[in-house]
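Worksheet: one structure, shown below.
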Amino acid sequence: MRTPYEIAVRAEAELGEGPTWDAAAGRLLWIDILGSRLHSYDPATGHRTVRRTEQHIGAVKPRAGGGLVLNLRDGIGLLDPDDGFRWLHHEPVPGRRANDAAIAPDGALWAGTMRYDEAPGGGTLSRVTGEGTVDVVLDDVAVSNGTGWSPDGRLLYYIDSPTRRVDVFDHADGLISGRRTLAVIEEGAGFPDGLTVDAEGCVWVALWQGSAVRRYTPGGELDRVIELPVPLVTACAFGGPDLTDLYITTARTGLTEPPALAGSLFVVPGAGKGLAQPAFTG
C-alpha cells in the first residue's frame, strides 16, 4: 500500500515549524526556528528559497498589503515587499524567544512566546494588531504552540505543549473565555505541537515525539492518524490552490541519530479541505 505522505522538500531543519500557505504568491512558507531561516516552496514549479534571519524566528505570515510579519525572538517584525525590515513591536526579554503564531479572522496576529528552558509560566500568548497594539491574552504559558479558529471564528483552539492538551475557548471580538479541554494526548503518544483547523471544523494536531499528525472532530473524537517516518513532528497546515494538501514540518534537534528525513517538509496530497487563512492587517 502506498504511503500517504510525500516529501515536499528534503531538508535538515534543526527545528522546522510553522507551515503557512501564502495564497497570493502560491507558495508554502515555513521556518527553521533554531536555524534562523525562512523557507519558501512553490509546489507548482518546485522553486525554493531560503532566507537567513538575524535572530531566532518563531513564525511567519503574509501581510494584507504585501510582505511578511515575523514573530521573532525580540518581538514582532515587518518585512516589506521591497525586503526592508522594521520592528512593529520590540520587546526583548532575556531567556525568552518567539514560538508559534496564527492570524485571527479579524487579521490580528496571535503570537506565542516561551523560555528557552521551557520554564512553566515563562511564555505568553498575545494579540497584536496592525497598528502595533499588543494585548497579552494568556500570561501563564510554558510552550505556546498551536493556535487556530473554528470555521465560524467563534472557537479558538490552543496548545500549551507540556499540558498534553488541546484546549478550546469561546472567542468573540478578540477576547477568549470558557477554557476547556478538547482532547488529551495520552502518555507515550508524544506532545501536541502545532495545529490547523479544516473546513469541517476538525482539528489536526502535530505530535512532537509522536511521529504522527492526528485529526480530532469538533467533539474531541480521534478519527484519523497520519504516521510519519520521523519522531519530531512539529506543525501542519493546508496548502495548494484548492487547500487540499496537508503540509507537515519536522525537526531533528536533540536527536543523537536523526532519521534521514528528520527536518524535512512533508505533504499529504488530498488530505482534506483547509480554510482560507486571512493575512495580517499590518
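Numbering starts at 1 and runs along the sequence shown. Every heavy atom of this structure was used, including side-chain atoms; hydrogens, water molecules and symmetry mates were not. What you see is a predicted model, and the numbers here were worked out from it, not measured in a lab.
Residues W21 and P43 are in side-chain contact: their nearest non-hydrogen atoms beyond the backbone lie under 4.5 Å apart. The shortest side-chain heavy-atom distance between L72 and F85 falls under the 4.5 Å cut-off. When side chains are defined from C-beta on, W110 counts as touching I176, because their heavy atoms get closer than 4.5 Å. The closest side-chain heavy-atom distance from F266 to I226 is not below 4.5 Å. Using a 4.5 Å heavy-atom cutoff, the side chains of R97 and M114 are in contact. Looking at heavy atoms from C-beta onward, W204 lies in side-chain contact with R224 at the 4.5 angstrom threshold. Looking only at side-chain heavy atoms (C-beta outward), L29 and L68 come within less than 4.5 Å of each other. For the pair P218 and C202, the minimum side-chain heavy-atom distance is below 4.5 Å.
Side-chain N or O atoms of S161 include one that pairs as donor or acceptor with a backbone N or O of P192 at under 3.5 Å. Of the possible donor and acceptor atoms, none in the side chain of D173 sits under 3.5 Å from a partner among the backbone N and O of L175. Judged purely by atom type and a 3.5 angstrom limit, T234 has no side-chain atom pairing as donor or acceptor with the backbone of A251. Checked by atom type and distance alone, the side chain of T244 never pairs as donor or acceptor with a backbone atom of G272 at under 3.5 Å. The main-chain N or O of G190 is found under 3.5 Å from a side-chain atom of R164 such that the two form a donor-acceptor pair. Using a distance-only test at 3.5 Å, with no hydrogens or angles considered, a donor-acceptor pair links the side chain of D82 to the main chain of G84. Looking at N71, its side chain does come within 3.5 Å of a backbone N or O of G112 through a donor-acceptor pair. Side chain of R10 to backbone of A260: no donor-acceptor contact under 3.5 angstrom is found. Between the R86 side chain and the L78 main chain, no donor and acceptor come within less than 3.5 Å of each other.
Among D140, D160, D167, the single residue meeting the salt bridge (charged side-chain N to carboxylate O under 4.0 Å, His left out) criterion with R179 is D167. Each of T113, N145, T124, D193 was checked for a side chain to side chain donor-acceptor pair (under 3.5 Å) with N99, and the lone residue meeting it is N145. Tested against D32, the residues R52, H39, H56 include a single side chain to side chain contact (heavy atoms under 4.5 Å, CB included) partner, H39.
L265 and V267 fall within a single hydrophobic cluster, where Ile, Leu, Val, Met, Phe, Trp and Tyr side chains are chained together by heavy-atom contacts under 4.5 Å. A chain of hydrophobic side-chain contacts below 4.5 Å, direct or via other Ile, Leu, Val, Met, Phe, Trp or Tyr residues, connects L246 to V230. Residues L222 and Y157 are members of one and the same hydrophobic cluster, defined by side-chain heavy-atom contacts under 4.5 angstrom among Ile, Leu, Val, Met, Phe, Trp and Tyr. One hydrophobic cluster, built from ILVMFWY side chains closer than 4.5 Å, cannot hold both V168 and L138; they sit in different ones. Put simply, L232 and I31 are part of the same group of oily side chains (I, L, V, M, F, W, Y) that touch within less than 4.5 Å, one to the next.
The two residues G16 and A13 make their nearest non-hydrogen contact at N-CB, 3.7 Å. Taking all atoms of both residues into account, the shortest heavy-atom contact from V134 to S126 is CG1-CB, 3.9 Å. Residues A64 and T281 come closest through the heavy atom pair CB-CA, 4.5 Å. Between F280 and T129, the shortest heavy-atom distance links the atoms CZ-O, 3.6 Å. Among all heavy-atom pairs drawn from L255 and P231, the shortest one is CD1-CG, 3.9 Å.
Applying the salt bridge (Lys or Arg N to Asp or Glu O under 4.0 Å) test to R215 and every residue at least two apart in sequence or in another chain returns D198, E200, D223.
A salt bridge is absent between E12 and R37; no separation between the charged side-chain nitrogens and carboxylate oxygens falls under 4.0 Å. Under 4.0 Å is where a charged nitrogen must lie from a carboxylate oxygen, and between D170 and R180 at least one such pair does.
The aromatic rings of W149 and H171 stand perpendicular to each other, their planes meeting at an angle above 60°, with 30° marking the opposite boundary. Relative orientation of the H90 and W87 rings is tilted, given thresholds of 30° and 60° on the angle between their planes.
A donor atom on one side chain and an acceptor atom on the other are found under 3.5 Å apart for S40 and T49.
Within a 6.0 Å sphere centred on CD of Q55, other residues, nucleotides and ligands contribute more than 12 heavy atoms. Around CD of Q209, the count of heavy atoms belonging to other residues, nucleotides or ligands within 6.0 Å exceeds 12. More than 12 non-hydrogen atoms from other residues, nucleotides or ligands lie less than 6.0 angstrom from CD of E186.
Residue pairs meeting the side-chain hydrogen bond (donor to acceptor under 3.5 Å, both in side chains) criterion with at least one partner in residues 22-31, sequence neighbours excluded, are D22-R27.
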